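Please read the structure below before turning to the comments.
Hydrogens, waters and symmetry mates are skipped; everything else that's a heavy atom, side chains included, is used. The structure presented is a predicted model; accordingly, all values stated were derived computationally and were not measured.
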Amino acid sequence: MSSVLIRNARLVNEGREFDGDLLVSHGRIVKIARSIEGENAAVEIDASGQWLLPGMIDDQVHFREPGAPAKGSIHTESRAAVAGGITSFMDMPNTHPATLSLQALADKKRRAAISSVANYGFHFGVSQDNLDSVAALNPCEVAGVKVFMGASTGNMLVDDPKILERLFAEVPTILLAHCEHTPSIDANAANLRELFGAHLPPAAHALIRNADTCYRSSSLAVDLAKRHGTRLHVLHLTTARELELFEDKPLAQKRITAEVCLHHLLFDDRDYPSLGNLIKCNPAIKTMADRDALRAALLSNRLDVIGSDHAPHTWAEKQRPYAEAPSGLPLVQHALPALLELVAEGVLPLTTLVAKTSHRVADLFAIPDRGYLREGYWADLVLVKAQTLEVSRQPILSQCGWTPFAGRRFRHRVSTTVVSGQIAWHEGQVNEGCRGLPLRFMR
């Protein structure tokens, strides 16, 4: 790991913006000062006119390895992530095979150590028959435990009341929940097919997976967590109504937290006619009113973190009829530039965005020495230029080869990404020699 000196940056950290220099050595931030003189760093970057941010820590990605190489791998998707300002990710368990055993978890860690350009962690999955393994987990070995309380693949849908009661009572670490009420989804789909026939348009997705299907499941999860004292984190909120389930108070005072994802902040149901299956995802993108309520909630402590839920599928799969097209979209390559549109539009202060994408994620998952610009912390850094990024002119790094942001122009671009002290991305190029480190969880 070579030393890096970043000069003349506008640092954004812990609610403040200030001008200064930052020195990295042996992977860590060793000095932050108004001006750093007398240092001969191996790499020196003049960051005049640029923001220097702590790297985004993405608490929810689906990198598709093992099992779906045509959609993505840890290597391809981590390359895309560093281009989008993400320095650390936490991968979900619904791969093939699913991460339902310690053996599967170890295999993913081994793969990431070989190929990941970004820092990495992995969530453990819950099925109908692995609760003994979940209860015996070492909390420091996993990012979290993920339960699908809604439609999923294989045997990862967990909706049996007895299993849920035991899970919420015995899970030894943070429990992440995907909340949708499957019987309601099935009923809504049947009703729409009866009214309009079998060939529904993609816009039907928001009607089938509507606000009620989300609230019925997320309210159950919150109720279970309150009764059992579970440390619960509800993933990808999509509705205004669900916000009432979460308290507006500091993270340290909560045992029940919530995430919102960037596509639910940037798209709404008016986008289905033009984008169709490209924005089909679970839970569904909903109304502009829901989108605006989620944006407003970021200004409070009701929503704690912003993730991506990056979930690539092939272009061919997305061209199928609505009922056959899979749910999920690739997002990591443009994560930070897309979110910075909310700053440019005056929706969020930059300091709030940094808190929700870096500081609070590190705090929520108990990740030591990351998520902040602090001396002694790992150097996970992003330099951002106020310069137009034309998405369609940029090569797509995700294996799937497409993005729902095609044709868009963002007002900021990531010029440099530093991962654990290594230059991972600089001026449009990935450093193929960069290797991220495993995230630690101090619980």
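Panel note: side chain W425, backbone V414; a donor-acceptor pair is recorded below 3.5 Å. A donor-acceptor pair under 3.5 Å links the side-chain atoms of R443 to the main chain of P139, judged by distance alone. Listed for the T213 side chain is no donor-acceptor partner under 3.5 Å among the backbone atoms of I185. Remark: the backbone N or O of S300 is not paired with any side-chain donor or acceptor of D248 at under 3.5 angstrom. Side-chain N or O atoms of H412 include none that pairs as donor or acceptor with a backbone N or O of P337 at under 3.5 Å. Looking only at distances, a side-chain donor or acceptor of T357 sits under 3.5 Å from a matching main-chain atom of L353. No donor-acceptor distance shorter than 3.5 angstrom exists from the side chain of D380 to the backbone of G55, with no hydrogens or angles considered. Under a 3.5 Å cut-off, the side chain of K286 and the backbone N or O of D269 do not form any donor-acceptor pair. Proximity of a side-chain donor or acceptor of D271 to a complementary backbone N or O of D268 within less than 3.5 Å is detected. When atom types are taken as modelled, the side chain of E65 and the backbone of I74 share a donor-acceptor pair closer than 3.5 angstrom.
A donor-acceptor pair shorter than 3.5 Å can be found between the side chains of H62 and N94. Side-chain contact of D59 with H233: a donor-acceptor pair under 3.5 Å is present, judged by distance alone. No side-chain donor-acceptor contact under 3.5 Å links R320 and N277. Side-chain polar atoms of H310 and R64 form no donor-acceptor pair below 3.5 angstrom. Checking E77 against S398 by side-chain atom types alone, a donor-acceptor pair falls below 3.5 Å. Side-chain atoms of R435 and S420 include no donor-acceptor pair closer than 3.5 Å. Side-chain atoms of T388 and E390 include no donor-acceptor pair closer than 3.5 Å.
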Which pairs would a plain distance check flag for residues 43-51, meaning a side-chain donor or acceptor within less than 3.5 Å of a matching protein atom at least two apart in sequence or in another chain?
from	atom 1	to	atom 2	distance (Å)
E44	OE2	R7	NE	2.9
D46	OD1	N8	ND2	3.1
D46	OD1	S48	N	3.1
D46	OD1	S48	OG	2.6
Q50	OE1	S415	OG	2.5

Verify side chain to side chain contact (heavy atoms under 4.5 Å, CB included) between W378 and V418, making sure each step is shown before the conclusion.
-> CA-CA 10 Å; W378 285 104; V418 178; over 6 Å; no

Run the salt bridge (Lys or Arg N to Asp or Glu O under 4.0 Å) check on D304 and R360 step by step: do they pass?
-> CA-CA 7 Å; D304 299 282; R360 299 295 167 264; over 6 Å; no

Evaluation steps, side chain to side chain donor-acceptor pair (under 3.5 Å), between R231 and T257 = CA-CA 8 Å; R231 178 65 186 87; T257 53; 3.1 Å; yes

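With contacts defined as side-chain heavy-atom distances shorter than 4.5 Å, the pair N282/H178 qualifies. N210 has its side chain out of reach of T239: every pair of non-hydrogen atoms, C-beta onward, lies at least 4.5 Å apart. The shortest distance between side-chain heavy atoms of T416 and I6 does not fall below 4.5 Å.
Aromatic rings of F63 and Y120 (six-membered ring for Trp) have centroids beyond the 6.0 Å cut-off, not under it.
Heavy atoms only, all atoms of each residue included: L224 and F168 are closest at CB-CD2, 3.6 Å. Minimum interatomic distance between V382 and G85 (heavy atoms only, all atoms of both residues): CG2-O, 3.4 Å. Y215 approaches E244 most closely through the heavy-atom pair OH-OE2, 2.8 Å. Closest approach of L397 and Q333 over heavy atoms only: N-OE1, 2.7 Å. For the residue pair L331 and P404, the shortest heavy atom distance occurs at CD2-CG, 4.1 Å. The shortest non-hydrogen separation linking Q60 to C261 is NE2-SG, 3.8 Å.
Salt bridge annotation for K71-E317: present, with a cationic side-chain nitrogen under 4.0 angstrom from a carboxylate oxygen. With salt bridges taken as basic N to acidic carboxylate O contacts below 4.0 Å, one links E341 and R411.
The cationic group of R408 does not satisfy the cation-pi geometry with F405, failing either the under 6.0 Å distance to the six-membered ring centre or the 45° limit from the ring axis. By the 6.0 Å and 45° rule, K280 stacks over the aromatic ring of Y322.
For the side-chain contact (heavy atoms from CB on, under 4.5 Å) with V134, the qualifying choice from L175, T173, V171 is V171, the only one to do so. No option in K108, K109, R440 other than K109 meets the salt bridge (Lys or Arg N to Asp or Glu O under 4.0 Å) test with E141.
The aromatic rings of Y372 and H359 lie parallel to each other, their planes meeting at an angle below 30°, with 60° marking the opposite boundary.
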